[in-house]
Amino acid sequence: MKNYFNKLALILVLLTKPALSQVQNTEIDFWNSDIPGAIETKAFNEVNDTLLDKVKQVKIPTLKVFIPENSNGTAMVICPGGGYALLAIKRAGYDVAEWLNTMGITAFVLKYRLPNDAIMQDKSIGPLQDAQASIRYIRRHAETWKINTQKVGVIGFSAGGHLAATLATRSADSTYSVKDSISAKPNFSVLIYPVISMQEDKTHKGSRRRLLGSNPSKVLIESFSNEMQVDSLTPPAFIAHATDDEDVSVENSLAYYQALRKNNVPTELHLFQDGGHAFFLGRKDTTSLYWTTYCEAWLRSNHYIN
């Protein structure tokens, strides 16, 4: 009889325990639809085409969770790029999450709102609000995924790199009302061919126009030029960029690296001879193929992973 009840209990556990695939597909509305500064526009609906790797018109930001088989307690928020016009959510999101999982990192793909006057009162801070809220959400629920709250990082690609660097340099900005003292500052950042600056001689003009408008003020330009916002408390950063990038100038990464060095913030920069823009996890037959290897070594040497 005892064995019967033991077997019954085991069956019940197996039936009620969610499968890994179900957990992996969990997509969290971390605002609970109470999005600060949101404008309700019924005609504005999300366009999601994963086959073409394009998500547009995001109205409800979410975090999609990817859990490793052997978690080491480190977590990373992934900010896909797309010039603040779209999100390349597969190659700069889901694929990256699976790579992070191989290192034991719990990954969260951030589907953030793209700046648009139709759905937000201040489009310049909309993406930053989502990034800040995502870090706070992960820390508040760290026990759920057995995450070390002192090992929560961010990784961003292209315009997603701008968002990640903005989060790193402006995490303390009050962009919405917060009811607790949970910090939005990432412990480290990984920036891959990032847009860093909004300065005319460096910026990706499409990203700047969509985020700041056609004629931004000098104050607005400087506040979103992340190389100008670095201080001694800015989190350490790993940066990778291809020298032949014709879309986002390598000067962006150089400017951020120099600012970090000036403020004695630990940083590592890898400049590749070729790879162009949007090389994601690396292109065959280009030097950009190796950035993931160097990044993993950096994460280990800085004790973010074992």
Side-chain angles (χ1 to χ4, degrees), residues 24-25 49-55 63-72 74-83 86-112 131 153-165 168 186 188-196 204 207 236-248 250 252-253 256-257 267-302 304-306:
Q24 294 286 44
N25 289 328
D49 191 337
T50 53
L51 289 177
L52 294 177
D53 201 15
K54 293 180 181 180
V55 177
L63 283 170
K64 190 167 185 177
V65 188
F66 289 74
I67 302 172
E69 289 186 12
N70 298 297
S71 172
N72 55 24
T74 299
M76 290 187 73
V77 172
I78 304 168
C79 301
L86 58 87
L87 302 179
I89 205 158
K90 182 183 182 299
R91 288 178 293 172
Y94 303 152
D95 291 352
V96 176
E98 291 176 359
W99 166 62
L100 294 175
N101 280 175
T102 66
M103 293 182 281
I105 298 172
T106 304
F108 298 81
V109 178
L110 175 60
K111 186 170 68 175
Y112 56 91
V154 63
I155 179 172
F157 297 76
S158 194
H162 181 266
L163 178 55
F188 60 93
S189 63
V190 174
L191 309 173
I192 310 302
Y193 45 85
V195 177
I196 290 293
H204 177 254
S207 295
F238 174 94
I239 313 167
H241 214 127
T243 305
D244 66 348
D245 190 331
E246 296 182 357
D247 293 319
V248 176
V250 72
N252 283 269
S253 288
Y256 197 67
Y257 173 76
T267 181
E268 183 165 313
L269 170 65
H270 290 270
L271 298 181
F272 299 102
Q273 177 177 305
D274 52 37
H277 189 67
F279 50 75
F280 302 108
L281 292 178
R283 290 193 175 123
K284 292 181 179 179
D285 303 322
T286 75
T287 52
S288 66
L289 180 65
Y290 303 104
W291 78 263
T292 53
T293 300
Y294 301 139
C295 183
E296 181 173 350
W298 181 81
L299 290 168
R300 292 188 188 284
S301 66
N302 284 279
Y304 298 124
I305 60 175
N306 302 324

- Task: Dump the intermediate steps for side-chain contact (heavy atoms from CB on, under 4.5 Å) on Gln273 and Asp244, then the final yes or no.
- Result: CA-CA 7 Å; Gln273 177 177 305; Asp244 66 348; over 6 Å; no
- Item | Aromatic plane relationship, Tyr193 with His241 - under 30° parallel, 30 to 60° tilted, over 60° perpendicular | perpendicular
- Message: Could you go through Asn101 and Ile67, starting from their C-alpha distance and side-chain angles, then the distance that decides it, and tell me whether this counts as side-chain contact (heavy atoms from CB on, under 4.5 Å)?
- Response: CA-CA 7 Å; Asn101 280 175; Ile67 302 172; 5.8 Å; no
- Nearest heavy atoms of Ile239 and Ser253, plus distance in Å: CG2-OG, 3.3 Å
- Atom pair CZ/OH of Phe188 and Tyr304 - distance to nearest 0.5 Å: 6.5 Å
- Task: Work out which heavy atom in Pro80 is nearest to a heavy atom in Leu87; give both atom names and the distance.
- Result: O-CD2, 3.9 Å
- Message: Tell me whether the rings of Trp291 and Phe157 are parallel (<30°), tilted (30 to 60°) or perpendicular (>60°).
- Response: perpendicular
- Query: Closest approach of Val154 and Cys79, non-hydrogen atoms and distance?
  - Reply: CG2-SG, 3.9 Å
- Item | Pairwise distance CD1(Ile105) to CG(Asn72) - rounded to 0.5 angstrom | 6.0 Å
- Note on the structure: Contacts of Ser71 meeting side chain to side chain contact (heavy atoms under 4.5 Å, CB included) (sequence neighbours excluded), chain-then-number -> Pro68, Thr106
- Message: Return the CE to CZ distance between Met76 and Phe66, rounded to the nearest 0.5 Å.
- Response: 14.5 Å
- Item | Exam field: side chain Thr243 to backbone Phe272, donor-acceptor pair closer than 3.5 Å | yes
- Task: Evaluate side-chain contact (heavy atoms from CB on, under 4.5 Å) for His204 paired with Asn252, printing each intermediate quantity in order.
- Result: CA-CA 9 Å; His204 177 254; Asn252 283 269; over 6 Å; no
- Taking all non-hydrogen atoms of both residues into account, name the closest pair between Trp99 and Cys295 and its distance. CH2-SG, 3.9 Å
- Query: What is the distance from atom CD1 of Ile196 to atom CG of Leu191, rounded to the nearest 0.5 Å?
  - Reply: 5.0 Å
- Item | Asp274 side chain vs Ala242 backbone, donor-acceptor pair below 3.5 Å | no
- Message: Distance check, rounded to the nearest 0.5 Å: Asp49 atom CG versus Ile89 atom CD1?
- Response: 12.0 Å
- Query: Checking Asp53 side chain against Arg91 main chain: does a donor-acceptor pair fall under 3.5 Å?
  - Reply: yes
- Message: Checking Phe279 against Ile192 for the side-chain contact (heavy atoms from CB on, under 4.5 Å) test, could you report, in this order, the C-alpha distance in whole Å, the side-chain angles of both residues, the deciding distance, and whether it holds?
- Response: CA-CA 9 Å; Phe279 50 75; Ile192 310 302; 3.8 Å; yes
- Separation of Thr287 OG1 from His270 NE2 (nearest 0.5 Å): 12.0 Å
